[in-house]
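Contents: one structure, followed by commentary.
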There are 2 protein chains.
Amino acid sequence: MSPNQFLGEFEQMVLLAILQRRDEAFALEVRREIESRAERTVSRGAFYTTLQRMEEKGYVAWSEDEPTDRHRSGMLRRYEVTAEGLGALRASRDAFRALSRGLDDVLEAS
Amino acid sequence: MSPNQFLGEFEQMVLLAILQRRDEAFALEVRREIESRAERTVSRGAFYTTLQRMEEKGYVAWSEDEPTDRHRSGMLRRYEVTAEGLGALRASRDAFRALSRGLDDVLEAS
DNA sequence: GCTGGGGCGTCTACATTGTAGGCTAGAGTG
DNA sequence: CACTCTAGCCTACAATGTAGACGCCCCAGC
């Protein structure tokens with residue numbers, strides 16, 4: 001059997017948000033990325049819990065780093081999506097696309 | 001019963017599969033649609049449980065109907081996505097798109 | 001350098017969603 | 001009538017989503 005497991009809905013959002021930030025994926029920035037793009041609030045608990053679970057699954061990794069554009073000198077976590085995480089994201093995306101194919105007329109209207 | 005903002009990953013798949021079948025959305029056909037397009041197995045339990053939960057939330061509705069292309073004479077359920085269900089699907093889709101914007105280069109490669 | 005405030009990350013706890021497989025009932029077949 | 005087949009139900013549990021309280025560390029003010 002193939003890796004049948006799909007990512008959860010929020011997990012996908014987090015991975016996408018990290019990718020959006022490219023090299024600037026400090027936790028808080030990632031969180032704000034989700035909040036502004038998806039127009040929803042993200043509690044710290046929800047955010048870090050999901051991040052930690054994905055770390056355990058090997059989908060994300062992080063390293064301590066000094067933020068450049070802040071007066072704050074402390075180290076912060078800079079996240080990145082691993083190759084496995086990217087693969088899982090693609091698998092979910094592919095499945096979703098295959099199921100959406102040909103439905104644009106139904107889904108676009110408003 | 002808090003009106004959760006976003007649909008789960010499997011819920012989205014089920015809604016999309018129903019839409020794919022248009023007027024022929026008998027339960028079994030919907031299930032096969034998911035299995036073939038998403039390349040995964042869907043147990044009856046998982047399928048009907050999700051369907052029932054979405055019925056309770058008002059995202060899908062069904063009516064008994066006689067299938068046309070079968071020798072079986074019994075009535076079967078024909079499902080449809082309600083206006084609310086479609087709205088929820090669009091909301092999830094929009095959020096996902098906003099988060100994916102500009103990442104095609106990262107996501108497409110293989 | 002002690003202390004208070006605020007941002008960063010953890011922990012606990014619970015709600016919602018995802019999943020499998022056994023069970024039941026009713027229709028077809030002999 | 002038993003005998004099979006299968007659509008849909010029920011139970012049970014795993015995984016994911018979510019919030020808020022808590023603790024720690026850095027900086028500013030004393």
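Both backbone and side-chain heavy atoms feed into the values below; hydrogens, waters and symmetry mates do not. Lettering follows sequence order; numbering is per chain, from 1.
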For A/L7 and C/dT19, give me the distance from atom CG to atom P, rounded to whole Å.
-> 12 Å
Could you tell me the separation between the CD atom of B/E29 and the P atom of D/dT6, rounded to a whole number of Å?
-> 14 Å
N or O in side chain of A/K57 less than 4.0 angstrom from D/dA15 OP1/OP2 | no
How long is the line joining CD of A/E55 and P of D/dA15, in whole Å?
-> 18 Å
Residues two or more places apart in sequence or in another chain: which of them pass salt bridge (Lys or Arg N to Asp or Glu O under 4.0 Å) with A/R53?
-> none
Rounded distance (Å) that lies between atom P of C/dG21 and atom CZ of B/F47 | 17 Å
Residue B/F10, side-chain atoms from C-beta onward, closest of D/dG17, C/dG18, D/dT18 = C/dG18
State whether a side-chain donor-acceptor pair under 3.5 Å links B/W62 with B/E55.
-> yes
Would you classify A/R40 as touching base, sugar-phosphate or nothing, given that sugar-phosphate means primed atoms plus P, OP1 and OP2, and contacts are heavy atoms under 4.0 Å?
-> sugar-phosphate
Among all residues two or more places apart in sequence or in another chain, which pass the side-chain hydrogen bond (donor to acceptor under 3.5 Å, both in side chains) test with B/R37?
-> B/Q20, B/E33
Counterpart residues, salt bridge (Lys or Arg N to Asp or Glu O under 4.0 Å), relative to A/R31 (two or more places apart) | none
Protein-to-nucleotide contact annotation, 5' to 3' order, nucleotides 8-13 of chain D [B base; S sugar-phosphate only; - none; under 4.0 Å, heavy atom] | BSBB--
In whole angstrom, give the distance that lies between atom CD of B/E9 and atom C1' of D/dA14.
-> 14 Å
Side chain to side chain contact (heavy atoms under 4.5 Å, CB included) involving A/S36 - partner list, sequence neighbours excluded = none
Among the nucleotides D/dG17, D/dT18, C/dT17, which one has an atom lying closest to any side-chain atom of B/E11?
-> C/dT17
Rounded to the nearest angstrom, tell me the gap between atom CD in B/Q12 and atom P in D/dT16.
-> 16 Å
For B/R93, check side chain to side chain contact (heavy atoms under 4.5 Å, CB included) against everything at least two apart and list the hits.
-> A/S100, A/D104, A/L107, A/E108, B/R97
